[in-house]
Amino acid sequence: MEDILLLNSIERYLDGRMLDDERSFFEELRSKNPSIDEMVVEHKLFQQQMDTYADIRNFKDILHSVHSKLSSTGEIRSSEEPENFGGKVIQLWNRYKKTAAIAASIAGITALFISALAIYFSPATDKSELQRLSRMIDEVKASQQITNNKLNEVAEPKIPKGATVKAGGTAFLIDGKGYLITNAHVLEGSGAIVVDKDGHEYNSTILTVDRKTDLAVLKIDDKDFKPIKNLPYSIRRMEPDLGAELFTLGYPRDEIVYNMGYLSAKTGYKGDTSSCQLSLTANPGNSGGPVFNKNGEVVGIITTKQTQSEDVVFALKSNNIFRLIDSLKTTDTLFKKVKLPKGTSTLKNMDRVSQVKKAENCVFLVKAYK
Amino acid sequence: MKDEPNEQLLLKALAKNDSKAAEIIYKNNFNMVLAFVLNNNGSYDEARDIFQEAMITLYQKAKTESFVLTSQLKTYIYSICRRLWLKRLQQLGRTASGIEYYDSIAVEDDIEIHERRNVELGIMDRALNSLGEPCKSLLESFYIEKKSMDDIAALFGYTNADNAKNQKYKCLMRLKKLFFSQYNIGE
């Protein structure tokens with residue numbers, strides 16, 4: 001506290017703000033007391049330094065504002081570019097900056113408005129992030145034409161006259177008598193025909209469509225179809241292990257296509273436990289295709305893939321097939337006769353080429369029409 | 001040379017912190033210094049810094065009563081900038097092409113004064129910056145922005161000017177301590 005008072009006095013003394021008798025008292029004190037004298041000298045020096053410092057800082061501020069003023073009006077160069085160029089740009093800028101500002105804000109508002117509209121009208125995220133792997137209508141239509149032309153020579157097309165193909169996918173036998181399983185989203189239409197790998201078409205009826213699990217059961221009703229006594233593969237209830245090698249057969253084109261990969265996660269999109277994540281190449285048309293493990297046991301059904309990333313495919317786990325058929329058996333007598341292939345797959349210990357050769361006879365192309 | 005009386009008046013105005021005067025000098029000389037620095041291995045920002053340093057030297061010189069400009073203002077500014085820039089280049093280890101664009105005069109003394117002052121200003125700057133808040137802002141409001149104690153009390157939320165004054169002295173003592181710990185070494 002005393003120091004503060006002393007400092008206060010020194011400051012007032014140096015500023016000449018002391019009254020006469022106070023000043024003479026202070027001067028006497030100063031002459032008697034060398035430490036106070038020293039403090040006065042020191043403070044005087046400090047104050048000079050501070051004044052210069054303040055003065056130059058204020059002057060620097062003036063210089064900065066002068067610099068930015070002159071460089072914005074183009075009276076001094078504002079960059080390393082040659083004078084005329086810089087000057088012209090600045091002049092143009094000055095002349096048009098209001099217009100530019102208005103244009104920019106209109107553009108900004110429009111952009112915001114459009115993106116708001118886009119967000120408002122775009123479908124829910126699930127649909128945009130996941131792509132169902134049924135084939136596009138146009139694509140199917142075009143290929144249908146080709147197939148039909150080819151088939152016209154041997155047989156009449158099975159699709160009713162006047163009906164158009166709405167979607168396509170893959171289905172596979174779960175009972176040699178002609179029961180097929182596929183994805184519900186593949187059957188966008190009133191009826192469906194199935195085509196085997198050699199291009200033979202068969203009429204079929206849609207027995208059930210379960211939108212919740214995205215599964216559907218078809219039955220081949222065609223005199224040309226020869227039932228298969230024993231399916232070469234079995235359907236496995238247990239889910240595969242992480243990293244297990246997997247392969248799939250499907251119809252992304254009119255030709256049957258083989259692909260292989262591995263199980264990359266035990267759950268599906270956003271942690272869905274009824275499905276799992278695979279890393280393999282799948283394309284529209286693969287939907288409903290079987291996923292086999294290396295023993296040739298069906299472990300899943302390909303359903304969707306993530307649109308933003310390559311090779312992220314989701315497959316419904318095969319225990320859903322058991323669950324669906326079991327529940328249908330209790331309600332529908334039609335399913336009483338269905339016998340799912342259980343036990344050991346006959347494909348076990350075969351090389352891949354032989355496995356595919358046997359299994360491909362049971363994988364069909366589905367064409368849903370309306 | 002025809003502008004000499006005007007230049008004296010201009011410098012007098014500059015010494016009184018007339019920003020109009022600063023503007024005129026800036027406008028007439030900056031592009032010349034910029035061209036010099038750019039042609040000697042420098043950038044736009046470096047040219048601006050050098051020019052502003054020269055302006056400060058000029059300002060300080062104009063404030064001394066004995067000041068008389070012995071040459072044209074343009075020559076003086078150019079000479080100061082040239083010296084400052086060549087020194088800077090030496091420090092940076094870059095080379096200059098050494099081309100003379102304009103007449104130059106001897107300004108060694110002014111440069112020396114300028115550099116000593118820069119050292120002193122640096123000490124004050126560092127002392128203020130190591131002071132911490134609210135001391136730094138409080139002292140800056142008083143000494144640099146020259147605000148009254150009443151304004152400062154209101155600004156910093158002190159109940160009255162006396163409280164603010166007390167706080168100011170506490171801060172001031174700390175600042176002086178910091179300043180003189182550096183300044184004595186510098187002497």
Side-chain angles (χ1 to χ4, degrees), chain A residues 1-15 17 35-36 38-87 89-90, chain B residues 14-15 17-35 37-38 42-45 47-48 51-53 55-60 63 117-118 120-125 127-128 139-140 142-146 165-170 172-173 175-176 179-180 183-184:
Chain A
M1 207 57 200
E2 269 178 27
D3 285 344
I4 289 176
L5 286 175
L6 186 60
L7 192 56
N8 190 359
S9 305
I10 291 171
E11 224 173 40
R12 283 172 58 227
Y13 172 71
L14 287 173
D15 291 350
R17 282 189 281 132
S35 72
I36 290 183
E38 200 183 312
M39 278 175 80
V40 173
V41 172
E42 194 192 71
H43 195 75
K44 193 174 178 183
L45 175 70
F46 177 81
Q47 264 191 348
Q48 277 170 356
Q49 287 290 334
M50 184 49 107
D51 285 347
T52 313
Y53 177 79
D55 195 29
I56 287 182
R57 255 184 72 164
N58 287 328
F59 186 66
K60 273 184 185 168
D61 285 345
I62 294 178
L63 287 178
H64 278 300
S65 59
V66 166
H67 186 96
S68 47
K69 183 185 165 193
L70 291 178
S71 60
S72 72
T73 56
E75 284 172 279
I76 58 166
R77 283 162 64 178
S78 57
S79 70
E80 289 175 20
E81 304 302 319
E83 201 165 347
N84 286 341
F85 176 71
V89 168
I90 288 157
Chain B
L14 184 72
N17 286 314
D18 183 346
S19 69
K20 194 74 204 156
E23 207 177 301
I24 292 168
I25 298 171
Y26 216 111
K27 194 160 64 187
N28 291 337
N29 296 284
F30 178 73
N31 284 353
M32 164 188 78
V33 173
L34 177 64
V37 172
L38 288 184
S43 71
Y44 183 87
D45 288 344
R48 188 194 54 211
F51 182 74
Q52 294 195 350
E53 293 229 350
M55 285 293 283
I56 291 167
T57 307
L58 189 68
Y59 170 69
Q60 287 280 298
K63 276 175 90 95
R117 195 173 42 238
N118 264 357
E120 289 171 357
L121 292 176
I123 294 170
M124 185 62 88
D125 207 45
L128 259 175
L139 292 179
E140 280 181 347
F142 184 77
Y143 285 106
I144 295 165
E145 292 155 36
K146 317 257 187 238
K165 222 180 243 176
N166 245 328
Q167 185 61 41
K168 190 205 92 179
Y169 281 119
K170 279 183 196 160
L172 184 60
M173 279 198 287
L175 179 66
K176 277 177 73 174
F179 177 77
F180 281 109
Y183 193 76
N184 286 336

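Between A:His67 and B:Phe30, the distance from one ring center to the other falls under 6.0 angstrom. Here A:Tyr53 and B:Tyr143 keep their ring centres 6.0 angstrom or further from each other.
Taking chain A as the reference chain and counting heavy-atom pairs below 4.5 Å, the highest number among B:Met55, B:Arg117, B:Lys176, B:Lys165 is found for B:Lys176. For chain B, the option among A:Asp51, A:Thr52, A:Ile56 with the highest count of heavy-atom pairs below 4.5 Å is A:Ile56. Between chain A and the residues B:Glu140, B:Lys170, B:Lys146, the most heavy-atom pairs under 4.5 angstrom are made by B:Glu140.
Within the 4.5 angstrom heavy-atom criterion, only side-chain atoms of A:Ile62, from C-beta onward, approach chain B. The part of B:Leu128 that comes within reach of chain A is its side chain, from C-beta onward, which places non-hydrogen atoms under 4.5 angstrom from that chain. For B:Glu145, no part lies near chain A; criterion is any non-hydrogen pair under 4.5 Å. Of the two parts of B:Lys63, only the side chain, counted from C-beta on, holds a non-hydrogen atom closer than 4.5 Å to a non-hydrogen atom of chain A.
Put simply, the side chain of B:Asp125 never gets that close to the backbone of B:Leu121: no donor and acceptor are under 3.5 Å apart.
The side chain to side chain contact (heavy atoms under 4.5 Å, CB included) search around B:Asn28 returns B:Ile24, not counting sequence neighbours. In this structure B:Phe142 satisfies the ring-ring contact (aromatic ring centres under 6.0 Å, His included) test with no other residue, sequence neighbours excluded.
Residues B:Lys168 and A:Glu11 are paired through a salt bridge, judged by an N-O separation under 4.0 Å between the basic side chain and the carboxylate.
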